[in-house]
Structures are given as C-alpha cells and as structure tokens.
Amino acid sequence: MTSDNISPAEHDKAKERAHTFLVIMSLSTVFLFSGTVFGWGAFSSMLLQEGYYDYLCVTPDKDHPCEKQLQALNNAFTLATTFVSLTAFVNGWLVDTLGPTKVTIISGVMNCLGLMGIALTKALPWSHHEAAAGGFDLFLWSLLLVAVGGSMTMFIGYQAPFLIPSHFTLLIEVNSCLFDAGTIIFPVLKLLYDVGVPFSAFFWTYTVLGMLCFSLFTVAWALNGRELDQIRQAASGAEANGDGGDRGGAERRHRPLEQRGMLQQLASWEFAAIFIYSIIQVPRANMYMGSVELINRKIAGLEGHFSPDTVAGVSTITGFIIPFGFLAVPLIELCVHRLGTIPTVQVTTLLGLLYNAMQLVPVLYLQLGTVCVFAAWRAFLYSTISAFNGEIFGVKTMGRIMGLCFVFSGLTNMLTGPIVNAAVDSNNFVPLLVEGMCFCIPLPIIFQLLQMKRSRQAVDVARTPLASTSVRGTPRSKDILDPMGGMSITRARSLTWPSEAIEEEMSHEIRGATSLAEIQP
C-alpha cells in the first residue's frame, strides 16, 4: 500500500506513534546525557579514589587529597560548566539552523567520544603520564565533550514539544526537570562503585548506552523532522506578517517589550535587570556544586570527629538531594501566580542568601539541610529566569535572550575557579561564602526599582488612548500591564499581538463605513 492510499485515520495513528516514539527517546536521552556533569560531588569522590590528578601531590593519599589535586578537579568542573554556558547560544543557533536531526548526530558523537575518553583514561596508562608531564589531558577534554554535548542535547529536547501543542507546557517542564534530575546519574554510579563495580566498567557501558540512545533519537527525529519544518515555516510566515503591524512611533512606544524588536529589548531596563541577575546567580549555583565537598571536608575537619567514610557519605547524600529540586515546582507555581514573577525573583534571592548563611555554620549534618535549601533555590532560580524572560520578552526572542544571559554567565563563571582556589590555599572558605552573599545585596534593590518602574508604566499606558485599542485583541492581554508580573510562561505563549487587533478593528470600521456609504443617496 502506497502513502497515497493511506486513510486519514491510519495517517493520524502513524503520526501519533511517531510522536510517542520521539517523546520517549527525547526525555530518556535528556535524562541520561544532558545534565550528568552537574552531579559533580559524587563523581569527584570517585575520581579522588581512582587517583585522578594525584601526580600533583608529593605523597598521594586517597583519604587525604592534597590542595593541588582538589584544585585541579575543581578547575575541571569549573571549565566544564563554563563551556556549558558559553555554548548555550551556539547550541540554540545550531538547532534552529541545521535542525534537530543533524544536531542529534553531532551531540551523540560528542557525548559518546567524551564517555569513551573517560573510560580510556583507565585503560591507557600513557594518558596519566602525558597529563603529569603537562601534555594532553585526556580526562579534561573528554569531560568538556560530555558537558557541551549534554547542553546540546537539552536544546534538542526543547524542540519536541512543538510537535504536540496539546502537551506543550507539560513537555517543556518535564524536559527542564529531567535535565536537573540527570545529575543523579553519578550518585547512582557512586553507590555501585562503593560495592565494588569497576570505574571503567561504568563508562564503557555508558558509552554503549549512548550509542544506542542517540541512534534511536536520530531515527525518531528523522520520522518527525518534516513536520517540525512545516511548523517552523508557518511560524516564519506569521512573524513576517506581524512585523508589518507597526504604524508609527507612538504605537511602538506603548507596545509591551514582548512585541518589540530584539534590539529594543536589549536596550531595556528589564533586560539589564535579568542580565545582572543571571551573571551573579548562575555562577553561584555552579560554584556551590563545585565546592560543596571541599567546604564539607573543612567543616568535618573543624568538628574533628568524623571519619572519611562519614564525609564521603554526606557527599553521596548531597549528590542525591540536588536532582530532587523539581519537588519545589508546585511552590514555584504558587509564588508566581499568587505573588507575581518579580516578587518570586525576590524570594529566590532570599533563598540564595539562606543556603549561603547555613554553610557558614560549622556543623556537618546541618549541611544536609543546606543542600535541601540549595536544591529548592536552584529550581526557583531557573524557573524564575524562564518565567521572567517568557513574560517580559515573549517566546519569539526568549531563547536568544536566555542564551545571551547564559553566555555571559559562563564568562563570569570562569572567575569562580580562582576564587575557590584562593579559599583552598588559605584553608578558609568563610570569605568565599560572605563574598557570595554580598554580591546578592544589590539584586533586591534592582528588582524593587524595576517593579516600581513597571507599575508607573502600567498607569501611563492605561491613561493613553492608544492603550485601549492595543490591548483589545484578547482577554489575556491585560496581563501584559500587570506590574506584579503575575503571568507564567505558559500564558505568555498565547498572547495576541496588538497589531492584529488593530487591523481587525480597522477592517470592521472600513466595512461599516462602506455600508453607510451604500445606503446614502
């Protein structure tokens, strides 16, 4: 039977099966390969036991690693997370330009090569000697491939929901949660490692699993790629039609930011606020995950009665808790809808100060409570950044705006390495934690001023005659003028452009004028 003879019902069933296959492979691949590098606490414990960078120590000791070895591992994590941020905009651009099918192949090759490289560091003794001599560091470059390939996988995962608009919001949220939940992979491997499973066996198995998953993921996108191309073409046509809606400077001045060009958005106070917020808070999140084990070891040393096994156990539990930040999603939704996005940003800042303050208390078991607060804060952080960008800038430019924020967050993230190294050298992490809290002090002031500005702007627009025309296109359009920003990213997707409402109203007026002319003598 040819494709021309397939009935509409059979065609719909085939498309539904293709969608289901794509969703399963997308969510599975995102979970297994996108955010694994952020489970650094458990991974670094395995690396210390396996003797990575122990050549930097005068007398290598697995239970008491030297400062240079700890610094080298921290630098590897810092560089990996920095590359994730620096390549965010490029990864999004690649997906938009080449399409998800080709980028899935690229991402699969990068992930599999990276995992294979880590496995080879144990199989090839020369890699250890080469790194010790200051030459090619196979482990470091393999880790970078895994980190960048994982970031690319996350961006690919954001494409699948467009094929299933009825579940768009759900799939976007699940994709984000699975990126965070993927940090549990290394803690699970750490448990197996502790019961005697060889280190290299993990990564050879992981490499084979990556080859299988990315091959199936590529097939899934090949089955659905044409449909996504059609959706993109339709969106491009709608964007071209919408660009013709500006009829003068007065209208452009009163249009909300999500209905303006990207250059105007970049010149706004709103972008400046979220940009500053991102370049401060995102590196703080990465710095916690890269330094939490170092700080916990220091706290255990101050208390003086904990064995290395106890400290390792706390690190393992910490690695398990961080991926469960998605449990805070209901609380985040409650804050966004009850308080608004900007007040939720303020709540996020307070949570960030709280976990830093808890780290200053030299009680090891208290740090299990600290990581719970951190996990909730991290979920709040990325959710509020997404909600803010979705509300203020709209879905057309949200990806590029977030890409820019994360790129510059990556540049800022490079500064955290020397800061942590200085804390390790001085054997004092208190200045590190206090500095992190001080950087957050301007943030509540910035967003309070922004909220006041948007409140004044809402009043001014409401008093302008043009505003009554601009916001008549949809009942939801009134949310644009909400100074509290109480609009979730879900609702931001369905806003109607005021230009469309204006054109429709003018059309009605023209038809009414024509009818009046026809009945006049």
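We're numbering straight along the sequence, starting at 1.
Between Phe139 and Phe43, the ring-plane angle classifies as tilted under the 30° and 60° cut-offs. By the 30° and 60° cut-offs, the orientation of the rings of Phe406 relative to Tyr382 is tilted.
In this structure, a donor-acceptor pair under 3.5 Å is present between the side chains of Tyr53 and Asp137. For Asn421 and Glu67, the side-chain atoms include no donor-acceptor pair closer than 3.5 Å. Donor-acceptor pairing under 3.5 Å is recorded for the side chains of Tyr52 and Thr121. In this model, a donor atom of one side chain and an acceptor atom of the other lie less than 3.5 Å apart for Thr153 and Ser107.
With contacts defined as side-chain heavy-atom distances shorter than 4.5 Å, the pair Phe324/Leu327 qualifies. Put simply, the side chain of Thr78 does not reach to within 4.5 Å of the side chain of Val420, judged on heavy atoms. Counting only heavy atoms from C-beta outward, the side chains of Ile274 and Ser278 approach each other to under 4.5 Å. Between Phe202 and Ile118 the shortest side-chain heavy-atom distance does not fall below 4.5 Å. Under the 4.5 Å side-chain criterion, counting only non-hydrogen atoms from C-beta, Thr349 is in contact with Gln281. Residues Phe21 and Asn224 fail the side-chain proximity criterion, which asks for heavy atoms closer than 4.5 Å. With a 4.5 Å cut-off on side-chain heavy atoms, Phe31 and Ile185 count as touching.
In this structure, CE on Met287 lies 6.0 Å from CD1 on Ile419, to the nearest 0.5 angstrom. Here the CG atom belonging to Leu368 is positioned 9.5 Å from the CE atom belonging to Met358, to the nearest 0.5 angstrom. Interatomic distance, Ser26 OG to Gln159 CD, rounded to the nearest 0.5 Å: 9.5 Å. One distance of note links OH of Tyr288 with CD1 of Ile322; it measures 5.5 Å at 0.5 Å rounding. Note that the OG1 atom of Thr101 and the CZ atom of Arg226 stand 11.5 Å from one another [nearest 0.5 Å]. Between atom CE of residue Met110 and atom OG1 of residue Thr87 there is a gap of 7.5 Å, rounded to the nearest 0.5 Å.
In terms of modelled atom types and a separation under 3.5 Å, the side chain of Tyr193 and the main chain of Pro187 share no donor-acceptor contact. In this structure, Asn75 contributes its side chain and Gln71 its backbone to a donor-acceptor pair below 3.5 Å. Checking side-chain atoms of Lys298 against main-chain N and O of Asn427 turns up a donor-acceptor pair under 3.5 Å. Checking side-chain atoms of Thr416 against main-chain N and O of Thr412 turns up no donor-acceptor pair under 3.5 Å. Remark: side-chain polar atoms of Glu303 are paired, donor with acceptor, to backbone N or O of Leu364 under 3.5 angstrom. Between the Ser426 side chain and the Ala423 main chain, a donor and an acceptor come within less than 3.5 Å of each other. For Thr384 (side chain) and Leu381 (main-chain N/O), a donor-acceptor pair under 3.5 Å exists by modelled atom type.
Residues Phe33 and Phe214 bring their aromatic ring centres within 6.0 Å. You'll find the ring centres of Phe271 and Phe275 inside the 6.0 Å limit. Two rings, from Tyr365 and Phe306, have their centers less than 6.0 Å apart. A centroid separation of less than 6.0 Å is found between the aromatic rings of Phe374 and Trp377.
Between Asn356 and Gly436 the shortest heavy-atom distance is OD1-C, 3.9 Å. Counting all heavy atoms, side chain and backbone alike, Pro283 lies closest to Ser409 at CG-O, 3.6 Å.
Listed by chain and number, the residues in a side-chain hydrogen bond (donor to acceptor under 3.5 Å, both in side chains) with Thr370 are Gln367 (sequence neighbours excluded). Asp194 meets the salt bridge (charged side-chain N to carboxylate O under 4.0 Å, His left out) test with Lys190; sequence neighbours excluded. By the side-chain hydrogen bond (donor to acceptor under 3.5 Å, both in side chains) test, Ser44 pairs with Glu293, sequence neighbours left out. Legend: residues meeting salt bridge (charged side-chain N to carboxylate O under 4.0 Å, His left out) with Glu50, ordered by chain and number and at least two apart, are Lys122. Scored by the salt bridge (charged side-chain N to carboxylate O under 4.0 Å, His left out) test, Lys68 finds no partners at all (sequence neighbours excluded).
For residues 368-383, the set of pairs meeting the salt bridge (Lys or Arg N to Asp or Glu O under 4.0 Å) definition, not counting sequence neighbours, comprises Asp180-Arg378.
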